[in-house]
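Structure first, then comments.
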Amino acid sequence: MKFSGTVTLQYETPFSAFSVADWKTGLDWMKESGLDGAELCISHYNGLDIPAVKEELDKRGLGCSTLSTGQARALEGLCLSGVPKDVVEKTQERYRQHIDAAAILGSKVTIGLIRGIGSAATEKQDLAELREAMLPLADYAQKKGVVIILEAINRYETALLNTAEAACDFIENELGNPDSVGVLWDLFHANIEDMTFDSAIARLGKKLQHVHIADSNRFFPGYGHTDFAPIFKGIAQAGFQEYASFECFNKPTKEILLAQTGPWVDSIRRMTAEV
Ligand code: LER
Ligand code: MN
């Protein structure tokens, strides 16, 4: 299992302890804290030099876990369902750019809220639109050797694909179960939506391609009520070797997060080594 933290390259995010201007300092901290890589928030590619970003990662011996892509929904209205066709096409075009960048960086590409917000009343139609929008992207990713990770997100943020099971069902039944699409399992959302962490891990199987680490309240682990030990033992036992990436608020404080990330990762590594 590998570990990463969030760094943002263009717009600020509450999920990083570092501002856009300090992204290289963020990479230094990740290296010093014993993380294996960085999850990069990228909105668009205007003026963004991906080989130069890769060089900064390489210099520090860091990988890139995934590209976090959701900022473009709020900033530009990009979306894969429930929007006019030209918006879907523009979003697909952006995803092809993300996949090209991911091929250079050796990372995955996230589909989070950019799937659309949907509604209970229009769910069938929304998912049919998402299917149509994602099929060519899954093909493109396959050709480029990149994995797209579809995130299960809680009901208060979207009506679509709230549970690990719903995300797996969608990939299997609607997308034809391609190797190029897996699931991003976010422990904050999972705590709200999944029946149990254990049952979700069993359902996810090899579809589990990325984990977001946050406590029940989206604080740094240990400051909410999620019991992380059985979750990490469970995914280690299931053979998970991909990235688990911190996506929590700078809470209870940024100082605590910065000081405790390294020791927390060490403790999980020690625990899962015994599995
Ligand atoms: C993104 O990874 C996520 O988990 C969403 O809740 C962002 O709002
Ligand atoms: Mn997440």
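Any value given below was found using the heavy atoms of this structure, including those in side chains, with hydrogens, waters and symmetry copies removed. Numbering of ligands and ligand atoms starts at 1, following listing order.
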Self-check item: Proximity to ligand 1 by part of Arg73, non-hydrogen separation under 4.0 Å
Solution: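 None of Arg73 does.
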Quiz item: Can you find a non-hydrogen atom of Glu39 under 4.0 Å from ligand 1?
Solution: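 The answer is no, since Glu39 has no heavy atom less than 4.0 Å from ligand 1.
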Does the separation of the ring centres of [X] and [Y] fall below 6.0 angstrom?
X: Tyr45; Y: His98; result: yes
X: Tyr243; Y: Phe3; result: no
X: Phe220; Y: Phe246; result: yes
X: Phe18; Y: Trp29; result: yes
X: Trp264; Y: Tyr223; result: no

Quiz item: When you draw lines from the Mn ion (ligand 2) to OD2 of Asp186 and to OE1 of Glu247, what angle lies between them, to the nearest 10°?
Solution: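 That angle works out to 90° after rounding to 10°.
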Self-check item: Rounded to 10 degrees, the angle ND1 of His212 makes with OE2 of Glu151 at the Mn ion (ligand 2)
Solution: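 Value returned, to the nearest 10°, is 90°.
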Quiz item: Considering only the protein, which heavy-atom contact is closest to atom 8 (O) of ligand 1, and what is its distance?
Solution: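 Checked against all protein heavy atoms, atom 8 (O) of ligand 1 sits closest to Glu157 OE1, 2.8 Å.
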At less than 4.0 angstrom from any non-hydrogen atom of [X], what atoms of ligand 1 do you find?
X: His212; result: 2 (O)
X: Leu113; result: 8 (O)
X: His189; result: 3 (C), 4 (O), 5 (C), 6 (O)
X: Asp186; result: 4 (O)
X: Glu151; result: 1 (C), 2 (O), 3 (C), 4 (O)

Quiz item: Picking from Glu39, His210, Gln209, what satisfies side chain to side chain donor-acceptor pair (under 3.5 Å) with Lys108?
Solution: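 For Lys108, the side chain to side chain donor-acceptor pair (under 3.5 Å) test succeeds with only one of Glu39, His210, Gln209, which is Gln209.
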Exercise. Report yes if the side chains of Trp185 and Phe197 come closer than 4.5 Å at any heavy-atom pair, otherwise no.
Key: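 Result yes, sub-4.5 Å side-chain heavy-atom pair found.
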